[in-house]
Participant: 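Can you read through this structure? Questions will come right after.
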Amino acid sequence: MAEKKRFTEIDALRGIAAIVVVLYHYIILYDEKFGHSKENYIEIFSYGHYGVQLFFIISGFVIYMSVLKVKSTSDFLTKRAIRLYPTYIFAIIVTTLVVGLSSVDTLKAGVADTFINMTMFQDFFGAKNVDGVYWSLRVELTFYLLMALLLIFNLQKRVMLFTSIWLGSSALIQITNGIAGTETTALLEKFSMSNYCQMFIIGIMFYYIWQHGNYLKYYLMITLSLIYDFSFEGMTNGLFTIFFIAVFYLILNNKMQWLKSDTLVYLGTLSFPLYLIHQNIGYVIIQKLESMGFVHEVFLIVPLGLSLILAHIILYYVEKPSHNVLFKLYKERQLAMPNI
């Protein structure tokens, strides 16, 4: 069966999720950490952190598509590294400089922590994140490593077997931690990303529905993932997951054509650099604005606008040029290697 083209609607969805997460951080999380000078800030974005869950569903969809296209495990990991690291390292440098020049000491990471952050594995080493949003990179990295294992054992096309084992193992980890509640079981739950596996599995299933059709087994796995979500992550999480499933279903059935808007698709292309640089830099800007008397929530347009401008600059002057150069070098290296 021929591979279908990528949905621009899913790229647009990523852009919307990024903006929702940014506003959640600026309105709700900022208030929890520092307290806005103005009371009664708008509460509409108090559920905005669920946008990260949507990222994970999208990641399941998109990354599994790439897993089925790559030539080898090293090919998959190299291409992921090329896509992520140049933008990520540049975001660390910019964030470190801005936060370092500010008076917000609680946001500052030490020199050793900053260098460990460059690996993207700082959560595994217990180092402080240079920016609070980087916690989700640990989840993504764990997913990539799991995909690498699939490729090593050539199981990438045994999707129902793999997802069943993954969901079942994650349930066992969560139940064990719920009963034992030790530091070891808590760490196992955290680093196995058992709190989020259901999101990636839902994304993978929607990819298979898109490619192969409305087979019952795919919807059954989505249902099991939803039951898992309600059981272990709670009612609110489950209700948002239902909403995200409905959105994906509508997209796959061409019922959300408005997402093809150039503006929304452009936001999707900005989503990775925007996500990486918005939080701590935004907090520094908000603190400065509020110290100058600009306390109304309308002034959040300033950190949001500056974050979007910075993300645009990173996209066109760091991300795209680095991708072009590194992918060209990688392709040349692949062509130069003798076929074994």
Side-chain angles (χ1 to χ4, degrees), residues 12-58 91 94-95 98-99 101-109 128-137 139 195-196 199 233-244 247 259 261 263-264 266-312 314:
L13 203 59
R14 187 190 280 114
I16 293 170
I19 292 295
V20 168
V21 169
V22 169
L23 290 173
Y24 164 76
H25 287 150
Y26 289 173
I27 295 169
I28 307 300
L29 200 59
Y30 180 93
D31 199 50
E32 290 176 7
K33 284 179 175 289
F34 305 105
H36 282 289
S37 297
K38 175 182 178 289
E39 292 183 6
N40 302 318
Y41 244 58
I42 48 176
E43 295 291 325
I44 192 170
F45 288 99
S46 58
Y47 297 107
H49 57 95
Y50 289 102
V52 178
Q53 260 86 315
L54 180 55
F55 279 137
F56 294 153
I57 295 176
I58 294 169
V94 174
T95 302
V98 173
V99 172
L101 292 170
S102 78
S103 57
V104 194
D105 293 334
T106 55
L107 297 179
K108 295 176 183 178
K128 181 179 179 178
N129 282 306
V130 165
D131 193 288
V133 300
Y134 294 175
W135 72 267
S136 64
L137 298 175
V139 179
N195 303 99
Y196 304 105
M199 303 297 172
E233 303 308 318
M235 179 64 72
T236 307
N237 211 90
L239 291 172
F240 270 96
T241 304
I242 288 175
F243 173 66
F244 296 148
V247 169
L259 283 171
S261 149
T263 303
L264 293 177
Y266 169 70
L267 277 178
T269 64
L270 281 186
S271 60
F272 185 53
L274 176 63
Y275 186 76
L276 290 178
I277 55 89
H278 78 272
Q279 187 173 350
N280 284 2
I281 291 174
Y283 289 169
V284 169
I285 295 167
I286 294 167
Q287 284 221 355
K288 187 66 178 173
L289 285 169
E290 293 196 350
S291 72
M292 295 164 66
F294 300 107
V295 298
H296 195 277
E297 52 260 49
V298 73
F299 293 109
L300 292 178
I301 195 70
V302 177
L304 177 60
L306 290 173
S307 292
L308 285 166
I309 291 166
L310 185 52
H312 174 89
I314 292 171

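Remember, it's a predicted structure, so these values are computed and weren't measured experimentally.
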Participant: Of all heavy-atom pairs between N237 and Q53, which one has the smallest distance, and what is that distance?
Facilitator: OD1-NE2, 2.8 Å
Participant: Does the side chain of V98 come within less than 4.5 Å of I285's, by heavy atoms?
Facilitator: no
Participant: Nearest 0.5 Å, please: how far is CG in L310 from CG in L270?
Facilitator: 10.5 Å
Participant: Mind checking whether Y283 and F34 have parallel, tilted or perpendicular rings, split at 30° and 60°?
Facilitator: perpendicular
Participant: Do F55 and Y275 have ring centres separated by under 6.0 Å?
Facilitator: yes
Participant: Testing N129, V99, T106 one by one against N280 for a side chain to side chain contact (heavy atoms under 4.5 Å, CB included), which residue passes?
Facilitator: V99
Participant: Check the angle between the aromatic planes of F240 and Y47 and answer parallel, tilted or perpendicular using the 30° and 60° thresholds.
Facilitator: tilted
Participant: Verify, without hydrogens or angle tests, whether H36 (side chain) and Y30 (backbone) share a donor-acceptor contact under 3.5 angstrom.
Facilitator: no
Participant: Please walk me through it: do L29 and H49 pass side-chain contact (heavy atoms from CB on, under 4.5 Å)?
Facilitator: CA-CA 9 Å; L29 200 59; H49 57 95; over 6 Å; no
Participant: What is the minimum heavy-atom distance between V284 and L107, and which atoms define it?
Facilitator: CG2-CD1, 4.3 Å
Participant: Side chains of H25 and V133: does their closest heavy-atom pair fall under 4.5 Å?
Facilitator: yes
Participant: Calculate, to the nearest 0.5 Å, the distance between atoms CZ and CD1 belonging to F244 and I58 respectively.
Facilitator: 9.0 Å
Participant: Which atoms form the tightest heavy-atom contact between L259 and A12, and what is the distance?
Facilitator: O-CB, 3.0 Å
Participant: May I have the step-by-step check of side-chain contact (heavy atoms from CB on, under 4.5 Å) for L304 and I19, ending in yes or no?
Facilitator: CA-CA 9 Å; L304 177 60; I19 292 295; 4.2 Å; yes
Participant: Which distance, rounded to the nearest 0.5 Å, do you find between the CD of E297 and the CZ of F299?
Facilitator: 10.5 Å
Participant: State, to 0.1 Å, how close N195 and E233 come at their nearest heavy-atom pair, and which atoms those are.
Facilitator: ND2-OE2, 3.2 Å
Participant: Is there a side-chain contact (heavy atoms from CB on, under 4.5 Å) between H312 and L308 once you walk through the steps?
Facilitator: CA-CA 6 Å; H312 174 89; L308 285 166; over 6 Å; no
Participant: How many angstroms lie between atom CD1 of I314 and atom CG of L274, to the nearest 0.5 angstrom?
Facilitator: 9.0 Å
Participant: Indicate the atoms forming the closest heavy-atom contact of V295 with K38, along with that distance.
Facilitator: O-CB, 3.5 Å
Participant: When you check the side-chain N and O atoms of Y26 and S307, is any donor under 3.5 Å from an acceptor?
Facilitator: yes
Participant: For atom NZ of K108, is the number of surrounding heavy atoms from other residues, nucleotides or ligands below 6.0 Å larger than 12?
Facilitator: yes
Participant: Over all heavy atoms of both residues, which pair between S46 and I28 is shortest? Give the atoms and the distance, please.
Facilitator: CA-CG1, 3.5 Å
Participant: Atom CG of L267 and atom CZ of R14: how far apart are they, to the nearest 0.5 Å?
Facilitator: 12.0 Å
Participant: State, with a plain yes or no, whether a side-chain heavy atom of F294 is found less than 4.5 Å away from one of V298.
Facilitator: no
Participant: Are Q279 and T95 close enough that some pair of their side-chain heavy atoms sits under 4.5 Å apart?
Facilitator: no
Participant: For the atom pair CD1 (I16) and OG (S261), what is the distance rounded to the nearest 0.5 Å?
Facilitator: 8.5 Å
Participant: Can you list the steps and then say if Y24 with V52 is a side-chain contact (heavy atoms from CB on, under 4.5 Å)?
Facilitator: CA-CA 11 Å; Y24 164 76; V52 178; over 6 Å; no
